[in-house]
Trainee: 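Would you mind keeping the following structure in view while I ask a few things?
Computation of the quantities below employed the complete heavy-atom set of this structure, encompassing side-chain atoms and omitting hydrogens, waters and symmetry-equivalent molecules. Numbers restart at 1 for each chain; the letters A, B, ... are given by sequence-line order, proteins then strands.
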Protein chains: 2
Amino acid sequence: MITIKEVAKYADVSVATVSRVINNKGYVQAETRQKVEEAIRLLNYRPNNVARSLFKKQSKMIGYIVPDITNPYFPQLVRAVEDVTVKAGFTTFLCNSDDDLQKEQMYLEKMLENHIDGVIIVSNNIEARHLENIHLPIVALDRVFHEKIPSVTIDNYDGARRAVMHLLENGCKKIAHLKGPEIIENSNLRKKAYEDVMEENKLPIIIGAGNYQFKDAEMTMKSLLELHPDIDGVFAGNDVMAVGVLKALNRMRIHVPEQIKLVGFDGIEWTETVSPEITTIAQPIYDMGKKAATMLMERINGQAVGEDHIVLETELKVRETTNNGKF
Amino acid sequence: MITIKEVAKYADVSVATVSRVINNKGYVQAETRQKVEEAIRLLNYRPNNVARSLFKKQSKMIGYIVPDITNPYFPQLVRAVEDVTVKAGFTTFLCNSDDDLQKEQMYLEKMLENHIDGVIIVSNNIEARHLENIHLPIVALDRVFHEKIPSVTIDNYDGARRAVMHLLENGCKKIAHLKGPEIIENSNLRKKAYEDVMEENKLPIIIGAGNYQFKDAEMTMKSLLELHPDIDGVFAGNDVMAVGVLKALNRMRIHVPEQIKLVGFDGIEWTETVSPEITTIAQPIYDMGKKAATMLMERINGQAVGEDHIVLETELKVRETTNNGKF
DNA sequence: CTGTTAGCGCTTTCAT
DNA sequence: ATGAAAGCGCTAACAG
């Protein structure tokens, strides 16, 4: 490994000068700069970012904790973050927490040890108190931890309301909801919205217990239909479950949307790969990641501080599972 | 940030002693150790891994370059790698290259600058010569770069042959193939296998140009059917395209598998979310990631060297798109 | 404009 | 068994 010292010797200048040219900082005569650049090229010198980090106490690395990259909601979110951070010269550590507080804390420790400059977290466990002695720019994504910690989210309650109302507007009277895990706050909000709309319209509440997983949703839908054969609409707590529901329906030769209409939530690609395509409340997933990353960068660079809480808009994407005409 | 010095002062010992206890190395009297541990706990000291890396010239970090985490083939591969590396105390840098050589090289540089200990690469551009002055343990995943660089792959040619033969065995006579991008070696191997089997059986070759993308596959399938309305089998170069093909077929009200049978390649989850479920040549994706990560760890720890080239087995998963009875 | 030098926090000889 | 001190590669005063 070539060091700055060797470059300095080769170029016959001091290490300070070499440092100046590689950082483009301070005065260096054009001629000297040339010499140094020449030496750098010839020796194939590469600055050692570890040494740099040690001195500067910042590493140009950020951490990113998500529950599970294997969940189709996350890849886009991850991609967006990387796209903006890499432009700003940062590299990204990816950590899968499985939504397990222990793992999350373990990763946070590691990041601290590695002098990470900031971190983006998607978590249902972390609360403000876990972050107390983490003196680091943090942005919460997809969930609010605390008013003091900036966040990027969507309005789950509002989105879910629109989903259920859309079913109503399409003539559904007996609408079932597949709820998500109770530890996930988003999923509770979506459920609450469903319940509220149904109550407001004096319609029966039918809830199936789901876990945001595909396979189970398929099963749950089947049992739900045995109990309530007259269901004519389903609001799935997320798209992954919506796909499971659709599969169950297809298998039972129940026509969608003619017999049962279906709406999901999230806007993942899966909703467009199946037939019929699934109507969903789409989150601006990529934009959320982008926004969170931008906010983090600003905080790291000291251009912004404080507790922004960005709430982005969801969009009802009307597709074939609620649209009789099209499929 | 608490440093080793402060701990030393607090415990009234030298930094050397503190270092000995945190690393569990060298002689420390039980009593002294207690004092130091006490101090560490009280001060909430955390060793600075940057300083450590600088000295040791290894960072306990590995890099991971994939084309695009958004492609449904990669999340599992990424997850597997993280699962094994984190157990060995490493953290993982994720990089999306978009299969762009420039980006790949940029990331490689960054990794070098950060004293990364090793790297796993999935790439169709990188060749041995690009890695010449990267003196770092490397494992190639999903593709072989050079005989000198260890790799984990599957036998694409063999898998594809089995796919086509499976269609043949199910009575298909007019089998079309949707090929992938020509720059992707895997895709060429799969195409070659298709061509060979068809020639051996004196059957016509019908190839549609795909790009491993979903939307385009849908279109391509439609035009292919206009030219050859009597196609009775399709071998898609990957599962993503297979899903596109299926969607086109569903839309055209062509019954699968009765009128046309379909086989994909990869074994991604998408093949199970759609109806009918898609028969595919499944790669052991998770195992591939795991194996690659294990090999990298071994090389970093000096437990293994040399040029292992692991070729894992694919598995024909017979599902509804080739099985008349089931759906 | 350029060089000298003192650290950044840690590990590791080398003494004691 | 413990401490003193050198040094990993780099940056930033400071001096000239």
Trainee: In this structure, how many angstroms lie between the P atom of D:dC10 and the CG atom of A:Asn48, rounded?
Mentor: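 Interatomic distance, CG of A:Asn48 to P of D:dC10: 5 Å.
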Trainee: Please work out if A:Ser53 contacts a base, only the sugar-phosphate, or nothing of the nucleic acid, heavy-atom cut-off 4.0 Å.
Mentor: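 Contact class for A:Ser53: none.
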Trainee: With heavy atoms under 4.0 Å as the rule, sort B:Val13 into base, sugar-phosphate or nothing.
Mentor: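 The residue B:Val13 makes sugar-phosphate contact but no base contact.
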Trainee: Kindly state each residue pair satisfying ring-ring contact (aromatic ring centres under 6.0 Å, His included) with at least one member in residues 42-98 of chain B, sequence neighbours excluded.
Mentor: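 ring-ring contact (aromatic ring centres under 6.0 Å, His included) check on residues 42-98 of chain B returns A:Phe93-B:Phe93.
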Trainee: Hey, where on DNA chain C does chain A first and last touch, going 5' to 3'? Cut-off is any atom under 4.0 Å from a heavy atom.
Mentor: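 Range of nucleotides within reach of chain A: C:dC1 to C:dG9.
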Trainee: Whether the A:Asp99 and A:Asn125 side chains hold a donor-acceptor pair (N or O, under 3.5 Å, no angle test) is what I'd like checked.
Mentor: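 There is such a pair between these side chains.
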Trainee: When rounded to the nearest 0.5 angstrom, what distance separates NZ in A:Lys290 from CZ in A:Arg79?
Mentor: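 Those atoms lie 12.5 Å apart.
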Trainee: Working to the nearest 0.5 angstrom, can you tell me the gap between A:Ser97 OG and A:Met106 CE?
Mentor: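 Result: 9.5 Å between the selected atoms.
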Trainee: Tell me every residue that passes side-chain hydrogen bond (donor to acceptor under 3.5 Å, both in side chains) with A:His130, counting only those two or more places apart in sequence or in another chain.
Mentor: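 For A:His130 there are no side-chain hydrogen bond (donor to acceptor under 3.5 Å, both in side chains) partners, ignoring immediate neighbours.
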Trainee: Indicate whether the side chain of A:His309 and that of A:Ser151 have a donor and an acceptor atom separated by less than 3.5 Å.
Mentor: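 Their side chains do contain a donor-acceptor pair, which is all the 3.5 Å distance test asks for.
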Trainee: Rounded off to whole Å, could you give me the NZ-to-P distance for the B:Lys35 and D:dG3 pair?
Mentor: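 Going from B:Lys35 (NZ) to D:dG3 (P), I get 8 Å.
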Trainee: How long is the span from the CE atom in B:Met1 to the NE2 atom in A:His115, to the nearest 0.5 Å?
Mentor: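 The distance works out to 5.0 Å.
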Trainee: Do the side-chain N and O atoms of B:Glu104 and B:Ser123 include a donor-acceptor pair separated by under 3.5 angstrom?
Mentor: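 Yes, B:Ser123 and B:Glu104 have a side-chain donor paired with an acceptor closer than 3.5 Å.
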Trainee: Axis-to-axis angle across the helix from C:dC1-D:dG16 to C:dT16-D:dA1, five pairs an end, to 10 degrees?
Mentor: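 Helix axis angle between the two ends: 40°.
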Trainee: Reckon B:Val50 touches a base, only the sugar-phosphate, or nothing at all at heavy-atom distances under 4.0 Å?
Mentor: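 B:Val50: no heavy atom of the nucleic acid under 4.0 Å.
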Trainee: Base contacts versus sugar-phosphate-only contacts with protein, heavy atoms under 4.0 Å: please encode nucleotides 11-16 of chain D as B, S and - from 5' to 3'.
Mentor: BBB---
Trainee: Could you tell me which residues satisfy side-chain hydrogen bond (donor to acceptor under 3.5 Å, both in side chains) with A:Thr85, sequence neighbours excluded, listed by chain and number?
Mentor: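 Testing A:Thr85 for side-chain hydrogen bond (donor to acceptor under 3.5 Å, both in side chains), a comparison that skips the adjacent residues, returns A:Thr92.
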Trainee: Which whole-number value in Å describes the distance from A:Ile2 CD1 to D:dC10 P?
Mentor: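 Nearest whole value for this atom pair: 10 Å.
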